[in-house]
Colleague: 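What follows is a structure written as structure tokens; I'll ask about it next.
Counting starts at 1 for both ligands and their atoms, in listed order. The chain is numbered in sequence order, starting from 1. Just so it is clear, the structure is predicted and the values come from calculations on it, not from any experiment. The figures that follow rest on heavy atoms only: side chains count, while hydrogens, waters and symmetry mates do not.
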Amino acid sequence: MSRTVIHGGLVVTASDEIHADVLIEGGRIAALAAHGTDAATSWSADRRIDATGMYVLPGGVDAHTHMEMPFGGTYAADTFETGTRAAAWGGTTTIVDFAIQTMGRSLREGLDTWHAKADGRCAVDYGFHMILSDVNESSLKEMDRLVAEGVTSFKLFMAYPGVFYSDDGRILRAMQRASGNGGLVMMHAENGIAIDVLVEQALAEGRTDPRYHGDVRKVALEAEATHRAVQLARVAGAPLYVVHVSADEAVDEIAAARHKGLPVFGETCPQYLFLSTDNLAEPGFEGAKYVCSTPLRPREHQEVLWRGLRTNELQVVSTDHCPFCFSGQKEMGRGDFSKIPNGMPGVEHRMDLLHQAVVDGHLSRRRWVEIACASPARMFGLYPKKGTIAPGADADVVIYDPGAEQTISAETHHMAVDYSAYEGRRVTGQVRTVLSRGVPVIEDRAYVGHAGHGTYLPRGTCQYL
Ligand code: URP
Ligand code: ZN
Ligand code: ZN
């Protein structure tokens with residue numbers, strides 16, 4: 001059994017910061033011992049990694065990605081191969097992607113299709129949520145089987161009528177089923193019916209630029225949908241996880257539900273923490289790069305999101321990585337913002353941007369690891385295999401240089417997309433080395449992984465319940 005020792009670093013988990021050496025045996029964490037102690041120095045190893053001056057972190061868990069997602073008449077530009085490689089570069093060693101049920105088809109068929117896309121191609125480990133597009137007797141029954149085999153979370157949409165949209169009755173039925181089988185309903189909470197009216201009116205009045213994408217997807221319509229989702233979950237007796245929360249009033253709805261003791265959870269994404277409607281308003285159709293739903297909000301919302309993350313009103317930061325190239329894909333919406341494919345790249349930079357938030361004083365180091373590694377792992381039934389550094393856990397480990405300076409750019413990133421939403425942004429901190437189950441994937445800033453190393457992760461149910 002191969003043995004690796006990581007020595008001299010500061011091990012940071014959601015609960016502790018300790019100067020400890022880490023012994024890895026056969027792909028798992030075998031032991032931690034205080035640096036310099038007899039216990040640590042007695043370990044024999046095939047490989048020794050010097051982490052002096054570095055953080056030793058659990059690999060990041062990005063619980064919201066869309067590799068190769070068919071959307072808006074095109075496909076998200078990252079494949080499972082390119083997207084998981086980029087994830088590794090950024091210190092993310094687990095993704096949970098969304099398999100999609102096509103209207104009129106079974107969940108099984110959708111899941112099989114996503115397995116075929118990912119199988120043998122991933123650089124890091126991956127699991128699946130299931131998008132429920134067609135709630136009916138048969139898909140409700142299938143939910144039970146999926147939960148039993150490790151697909152334990154289901155996304156429903158209050159947005160996108162005619163595509164993924166479910167009405168309140170269908171949502172209630174899916175939630176009732178989840179309350180019985182242990183599944184977690186993930187909600188895209190925007191009032192899509194009302195939004196479509198505003199889209200039609202905006203286009204008719206000649207308001208066609210990307211900035212109007214943000215205008216029509218009103219804060220009130222995110223807050224209203226969030227409120228409605230909470231009430232439906234309450235009636236069903238089901239837990240609820242609200243994805244990509246962007247608006248202050250939506251945070252208020254989640255906080256109010258949690259203060260009542262309801263099992264309601266919230267996720268936000270780096271784009272809502274670092275970008276704003278100013279980006280959507282960039283001239284010359286540049287704003288299309290920032291079109292995603294829920295949309296970017298005015299800057300004032302950012303402070304509420306940071307506060308929500310600090311106070312545990314929000315539990316998770318995922319990327320909602322759904323990249324479309326500017327050239328040929330975002331451009332489909334020139335002259336009609338509603339035709340711009342919704343989604344942004346981000347899987348590579350979540351850990352770095354959140355470390356910058358540590359540097360800037362928004363988060364503590366442990367909270368950084370909690371919202372990016374431990375909480376998503378717990379939320380989606382992967383803990384303590386993923387999300388921590390403790391004996392028995394998978395040896396998904398990031399050696400992170402907290403003092404390295406880098407400039408984010410499309411010229412140097414590894415995602416298969418022709419722009420960066422953070423072009424030119426300077427951040428402090430950078431991944432040096434990444435192990436996935438003890439195997440180096442990034443070594444001293446060189447990619448040494450391979451497609452097919454990443455394995456599928458059947459998941460348990462939500463561990464907050
Ligand atoms: O704009 C986004 N978020 N695209 C991906 C699909 C979704 O709603 O998460
Ligand atoms: Zn969504
Ligand atoms: Zn998404």
Side-chain angles (χ1 to χ4, degrees), residues 62-78 83 87 95-102 110 114 126-133 153-166 171 184-192 195-196 199 210 213-214 216-217 221-222 225-226 229 240-247 250 265-273 275 277 279-280 287-297 316-326 329-330 332-333 337-347 350 376 379-380 415 417 421:
D62 189 342
H64 190 153
T65 67
H66 300 279
M67 307 303 173
E68 306 179 36
M69 183 191 189
F71 198 38
T74 184
Y75 284 82
D78 264 315
I95 63 163
V96 190
D97 203 89
F98 288 84
I100 301 181
Q101 176 199 22
T102 307
W114 257 258
Y126 61 99
F128 289 124
H129 314 285
M130 188 83 221
I131 288 180
L132 273 181
S133 317
S153 38
F154 301 88
K155 185 176 179 191
L156 286 117
F157 289 77
M158 300 168 116
Y160 307 132
V163 189
F164 297 124
Y165 173 81
S166 292
I171 289 169
L184 180 61
V185 168
M186 308 169 76
M187 189 60 72
H188 181 131
E190 286 187 293
N191 185 328
I195 286 168
D196 274 11
V199 170
H213 172 82
V216 299
R217 304 187 87 91
L221 297 177
E222 183 184 342
T226 306
L240 173 70
Y241 176 93
V242 185
V243 293
H244 48 53
V245 175
S246 66
F265 308 100
E267 160 201 279
T268 190
C269 311
Q271 51 269 35
Y272 307 120
L273 295 163
L275 304 173
T277 42
N279 300 99
L280 268 175
K289 294 176 176 174
Y290 307 94
V291 165
C292 60
S293 296
T294 57
L296 301 186
R297 301 295 183 192
V316 171
V317 176
S318 308
T319 58
D320 194 6
H321 176 76
C322 189
F324 297 101
C325 288
F326 183 73
Q329 291 192 297
K330 290 288 186 182
M332 292 159 69
F337 68 83
S338 73
K339 295 201 165 58
I340 301 168
N342 283 204
M344 283 175 53
V347 76
R350 182 182 65 125
M379 191 67 69
F380 296 107
M415 300 175 285
V417 59

Colleague: Given His244, which partner from the list Glu190, Glu267, His188 fulfils the side chain to side chain donor-acceptor pair (under 3.5 Å) test?
Modeller: His188

Colleague: Check each atom of ligand 1 against the heavy atoms of His188 and keep those under 4.0 Å away; list them by number with element.
Modeller: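 Under 4.0 Å from His188, ligand 1 has these atoms: 8 (O).
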
Colleague: Give the atoms of ligand 1, by number and element, whose distance to some non-hydrogen atom of Ser293 is under 4.0 Å.
Modeller: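 Atoms satisfying the 4.0 Å criterion: 1 (O), 2 (C), 3 (N), 8 (O).
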
Colleague: Has the side chain of Gln101 got a donor or acceptor atom that lies under 3.5 Å from a matching backbone atom of Ser133?
Modeller: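 Between the backbone of Ser133 and the side chain of Gln101 there is a qualifying donor-acceptor contact (under 3.5 Å).
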
Colleague: Decide whether a cation-pi geometry holds between Lys330 and Phe324; the criteria are a distance under 6.0 Å from NZ or CZ to the six-membered ring centre and an angle within 45° of the ring axis.
Modeller: no

Colleague: Would the Phe71 and Tyr160 ring centres measure less than 6.0 Å apart?
Modeller: yes

Colleague: Counting heavy atoms only, which part of His66 comes closer than 4.0 Å to ligand 1: side chain, backbone, both or neither?
Modeller: side chain

Colleague: When you measure from the heavy atoms of Phe157 to every atom of ligand 1, does any distance fall below 4.0 Å?
Modeller: yes

Colleague: Distance alone, cut at 3.5 Å: any donor-acceptor contact between the side chains of Tyr272 and Thr294?
Modeller: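 On atom types as modelled, these side chains qualify, holding a pair under 3.5 Å.
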
Colleague: Check ligand 1 against Tyr160 and write out every atom of the ligand that is under 4.0 Å from a heavy-atom position of the residue.
Modeller: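 Atoms satisfying the 4.0 Å criterion: 8 (O).
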
Colleague: Consider ligand 1: state whether an atom of it lies below 4.0 angstrom from any non-hydrogen atom of Lys155.
Modeller: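 So Lys155 counts as touching ligand 1.
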
Colleague: Where on Asp320 is there a heavy atom closer than 4.0 Å to ligand 1, on the side chain, on the backbone, on both, or on neither?
Modeller: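 It is the side chain that gets close, since no backbone atom is under 4.0 Å.
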
Colleague: Any donor-acceptor pair under 3.5 Å linking the side-chain atoms of Gln271 with those of Tyr290?
Modeller: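 Checked: Tyr290/Gln271 side chains show no N/O donor-acceptor pair below 3.5 Å.
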
Colleague: Using every non-hydrogen atom in the two residues, find where Met186 and Ala63 come nearest and quote the distance to one decimal.
Modeller: CE-O, 4.4 Å

Colleague: Please state which protein non-hydrogen atom is closest to atom 4 (N) of ligand 1 and give its distance, to 0.1 Å?
Modeller: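 Answer, as residue, atom name and distance: Asn342 O, 3.0 Å.
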
Colleague: What atom name does the N, O or S atom of His66 nearest to the Zn ion (ligand 3) carry?
Modeller: NE2

Colleague: Could you tell me whether Thr294 and ligand 1 have an N or O pair separated by under 3.5 Å?
Modeller: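 For ligand 1, there is no N or O atom that lies under 3.5 Å from one belonging to Thr294.
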
Colleague: May I ask you to check whether Asp78 and His321 show a side-chain donor-acceptor distance below 3.5 Å?
Modeller: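 Indeed, the side chains of Asp78 and His321 share at least one donor-acceptor pair under 3.5 Å.
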
Colleague: His213 side chain to Cys292 main-chain N or O, any donor-acceptor pair under 3.5 Å?
Modeller: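 Such a contact is found between His213 side chain and Cys292 backbone.
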
Colleague: I need the atoms of ligand 1 closer than 4.0 Å to a non-hydrogen atom of Cys292, numbered in the order shown.
Modeller: 1 (O)

Colleague: Is it the side chain (CB and beyond), the backbone, both or neither of Cys322 that lies under 4.0 Å from ligand 1, heavy atoms counted?
Modeller: side chain

Colleague: Do Thr319 and Arg350 meet the criterion of a side-chain donor-acceptor pair at a distance under 3.5 Å?
Modeller: no

Colleague: Between Asp97 and Met67, is there a donor-acceptor pair closer than 3.5 Å when you use the side chain of the first and the backbone of the second?
Modeller: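 Pair found, side chain donor or acceptor close to backbone of Met67.
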
Colleague: Should the heavy atoms of other residues, nucleotides or ligands under 6.0 Å from OH of Tyr75 be counted, would the total exceed 12?
Modeller: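 Not buried by this count: 12 neighbours or fewer within 6.0 Å.
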
Colleague: Taking 2.8 Å as the distance threshold, tell me the number of protein N/O/S atoms next to the Zn ion (ligand 2).
Modeller: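 Number of qualifying protein atoms: 3.
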
